[in-house]
Amino acid sequence: MKFQPQRYQIPDRSMIPFIDADEIRDILQNTLSSTESVKRVIEKSLQKNRLSLEETAILINAKDAESIQLIKDGAARLKKEIYGNRIVLFAPLYIGNQCVNNCQYCGFRVSNQEAVRITLSDEDIVNEVKALENDGHKRLILVYGEHPNYNAEYIANTTRLVYATKHKNGEIRRLNINAAPLDIAGFRIVKEAGIGTYQIFQETYQPEIYKTYHPSGRKADYNYRLTSLDRAMEAGLDDVGIGALFGLYDWRFEVLGLVRHANHLEACYNVGPHTISFPRVQNFSEENISDKYNVSDEDFVKLIAILRLAVPYTGLILTAREPQKIREEALKYGVSQIDGGTKLELGAYSNTQNKTQDLNREQFQINDNRSLQDIMNELIEKKYIPSFCTACYRKGRTGEHFMEFSVPGFIKKFCTPNAILTLAEYLEDYANPETAQKGWALIEQEIKQIDDEKIQRQTLEKIAQIKLNKRDLQF
């Protein structure tokens with residue numbers, strides 16, 4: 001079977017809108033799928049190559065049980081080969097819910113008169129960070145409503161405050177950002193503050209549908225948002241994250257939109273997104289949207305596996321919007337990062353802002369309420385290595401430099417020992433006795449599987465230092 005020829009009407013030039021909705025629709029409608037073509041595409045992916053839109057569409061259009069199982073098996077194999085059995089953990093910290101946009105699916109929307117608008121004070125932020133550090137977190141994502149008060153200087157100041165907040169053996173070593181698009185000067189400001197990944201989700205890549213969900217506010221400008229991460233790259237911020245909110249439109253279109261976005265960034269800047277997120281609308285009855293494009297659990301797991309095959313070296317993030325069962329299944333087929341112990345209310349980690357749950361302070365609801373301790377324990381039981389590693393980011397291995405290391409297998413060779421070291425820190429400082437016992441047994445097994453004798457010996461030496469209260473050791 002021959003792939004349909006690409007007919008990009010919009011060129012891959014920096015800061016030029018690149019989504020051609022007709023092209024994506026035509027590819028979905030005209031690309032045929034068979035078991036043999038699915039096998040050929042998977043084989044290309046297993047060679048660690050990104051997929052084209054047509055190749056991705058072959059996987060999307062696979063309907064028979066054999067092909068779908070091949071997709072899942074291929075994604076599981078690819079993930080194991082690239083990432084090993086590490087799972088990166090983080091927590092979201094909501095800084096403020098003021099917002100000028102009117103996104104119809106979001107609790108922060110400006111038309112929501114029942115929303116209680118709060119911006120955490122510096123003291124509140126410090127208390128939140130200490131509470132998160134006391135749980136063992138080392139990686140956070142700061143979340144802001146889209147409002148002039150949350151400008152680049154404010155984000156940079158918040159970032160510096162969080163990094164400066166240390167409690168006992170706790171410290172935040174990587175801060176990612178989810179906030180409004182900035183201009184190039186603004187992205188330079190936040191980059192200088194030392195942020196990690198800057199996330200901006202397009203929500204839906206279908207331009208006409210986008211308009212219906214974003215009727216007013218700065219976010220109503222589809223093209224400005226679409227090219228926002230081009231501006232980040234132009235500013236030298238080469239660590240970015242993309243995402244779509246599944247349930248707003250046809251999931252098949254959104255998957256191709258995400259792949260098109262990833263391929264655009266790589267074509268223009270020689271590096272794709274560091275992460276892709278794919279939150280799913282869960283409670284249609286409570287949102288201002290129809291369930292017409294509801295994504296079933298079956299299709300959701302399938303699309304995760306397809307994304308893993310389409311963008312082999314891109315981290316895939318699945319949040320606590322999803323229930324425990326789906327999160328555990330998704331880990332098999334491509335997800336490499338999850339949040340743990342998540343609380344969405346402002347001030348909820350330290351309970352400084354409220355004493356009882358108030359849904360009018362949340363952006364959306366979560367469906368996995370497990371504590372970080374519970375998630376750590378369950379990951380360890382399933383032989384995953386929970387990781388708080390930040391070594392690549394802090395050693396400057398981002399963007400193109402990261403790809404130089406990751407493509408030859410650097411991630412598996414060095415990130416596994418780094419993950420082991422951060423797990424050892426957690427076990428020493430925060431784990432209960434049961435989790436600690438299981439965790440040290442897992443570490444012992446994992447060290448035995450390190451092929452490089454020098455790395456194996458150095459890992460053991462660093463663990464000995466951790467037990468003597470040394471911290472932040474890395475490869």
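For this chain, numbers begin at 1 and follow the sequence in order.
- Under 4.0 Å is where a charged nitrogen must lie from a carboxylate oxygen, and between K448 and E444 at least one such pair does.
- Defined by atom type and a distance below 3.5 Å, a donor-acceptor pair is present between the side-chain atoms of D230 and Y269.
- Using a cutoff of 4.0 Å between basic side-chain nitrogens and carboxylate oxygens, K48 and E81 are scored as salt-bridged.
- No donor-acceptor pair under 3.5 Å is formed between the side chain of E254 and the backbone N or O of T204.
- The CG atom of L331 sits 9.5 Å away from the OG atom of S336 when rounded to the nearest 0.5 Å.
- One finds the CD1 atom of I68 at 8.0 Å from the CG atom of D299 (value rounded to the nearest 0.5 Å).
- Between D339 and R321, no side-chain nitrogen of the basic residue sits less than 4.0 Å from a carboxylate oxygen of the acidic one, so the salt-bridge criterion is not met.
- For S387 (side chain) and V88 (main-chain N/O), no donor-acceptor pair under 3.5 Å exists by modelled atom type.
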* To do: Start with the C-alpha gap between Y150 and T119, add the side-chain angles, then the distance that decides, and say whether side chain to side chain donor-acceptor pair (under 3.5 Å) holds.
  => CA-CA 9 Å; Y150 310 140; T119 299; 2.5 Å; yes

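- Judged by distance alone, the side chain of S45 and the main-chain N or O of I42 form no donor-acceptor pair under 3.5 Å.
- K343 places no side-chain N or O within donor-acceptor distance of the main-chain N or O of N351, the cut-off being under 3.5 Å.
- None of L473, I463, I455 except one satisfies the side chain to side chain contact (heavy atoms under 4.5 Å, CB included) rule with P417; the exception is I455.
- Atom CD of E123 is surrounded by 12 or fewer heavy atoms from other residues, nucleotides or ligands within 6.0 Å.
- Atom CD1 of I125 sits about 5.0 Å away from atom OG1 of T158, to the nearest 0.5 Å.
- For D124 (side chain) and S121 (main-chain N/O), a donor-acceptor pair under 3.5 Å exists by modelled atom type.
- Looking at residues two or more places apart in sequence or on another chain, you find no side chain to side chain donor-acceptor pair (under 3.5 Å) involving D451.
- One finds the CD1 atom of I195 at 11.5 Å from the CD1 atom of I189 (value rounded to the nearest 0.5 Å).
- The two residues S33 and I58 make their nearest non-hydrogen contact at OG-O, 2.7 Å.
- Of the inter-residue distances, the one linking N367 atom CG with T342 atom OG1 reads 11.5 Å to the nearest 0.5 angstrom.
- Around the NZ atom of K454, the shell of radius 6.0 Å holds no more than 12 heavy atoms that belong to other residues, nucleotides or ligands.
- With sequence neighbours excluded, the residues forming a side-chain contact (heavy atoms from CB on, under 4.5 Å) with R173 are K138, E171, T390, R394, E425, R471, D472, listed by chain and number.
- Looking at R225, its side chain never comes within 3.5 Å of a backbone N or O of A180 through a donor-acceptor pair.
- Closest approach of A91 and Y349 over heavy atoms only: CB-OH, 4.1 Å.
- Sequence neighbours left out, the pairs with a member in residues 175-201 that pass side-chain hydrogen bond (donor to acceptor under 3.5 Å, both in side chains) are R174-N176, R174-T197, N178-Q199, T197-D239.
- Under the 3.5 Å distance criterion, with hydrogens and angles disregarded, a donor-acceptor pair is assigned to the side chains of Q373 and T435.
- In this structure, E36 pairs ionically with K39, as a charged nitrogen and a carboxylate oxygen lie closer than 4.0 Å.
- The ring pair (Phe, Tyr, Trp, His ring centres under 6.0 Å) search around Y333 returns none, not counting sequence neighbours.
- Looking at heavy atoms from C-beta onward, S350 lies out of side-chain contact with K130 at the 4.5 angstrom threshold.
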* To do: Determine, stepwise, if the pair R260 / N263 fulfils side chain to side chain donor-acceptor pair (under 3.5 Å).
  => CA-CA 5 Å; R260 182 72 183 92; N263 291 350; over 6 Å; no

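- The main-chain N or O of G194 is found under 3.5 Å from a side-chain atom of Y163 such that the two form a donor-acceptor pair.
- L89 contributes atom CG, which lies 6.0 Å from atom CE of M376 (distance to the nearest 0.5 angstrom).
- Between A419 and C389, the closest heavy-atom pair is N-CB, 4.5 Å.
- Side chain of H137 to main chain of G340: a donor-acceptor pair is present (N/O by atom type, distance under 3.5 Å, no hydrogens or angles).
- With no hydrogens or angles considered, no side-chain donor-acceptor pair links E461 and Q465 at under 3.5 Å.
- Listed by chain and residue number, H261 satisfy the ring pair (Phe, Tyr, Trp, His ring centres under 6.0 Å) test with Y205 (two or more places apart in sequence, or in another chain).
- For R370, the side-chain contact (heavy atoms from CB on, under 4.5 Å) partners two or more places apart in sequence, or in a different chain, are Q324, R327, E328, D368, D374, I375, E378.
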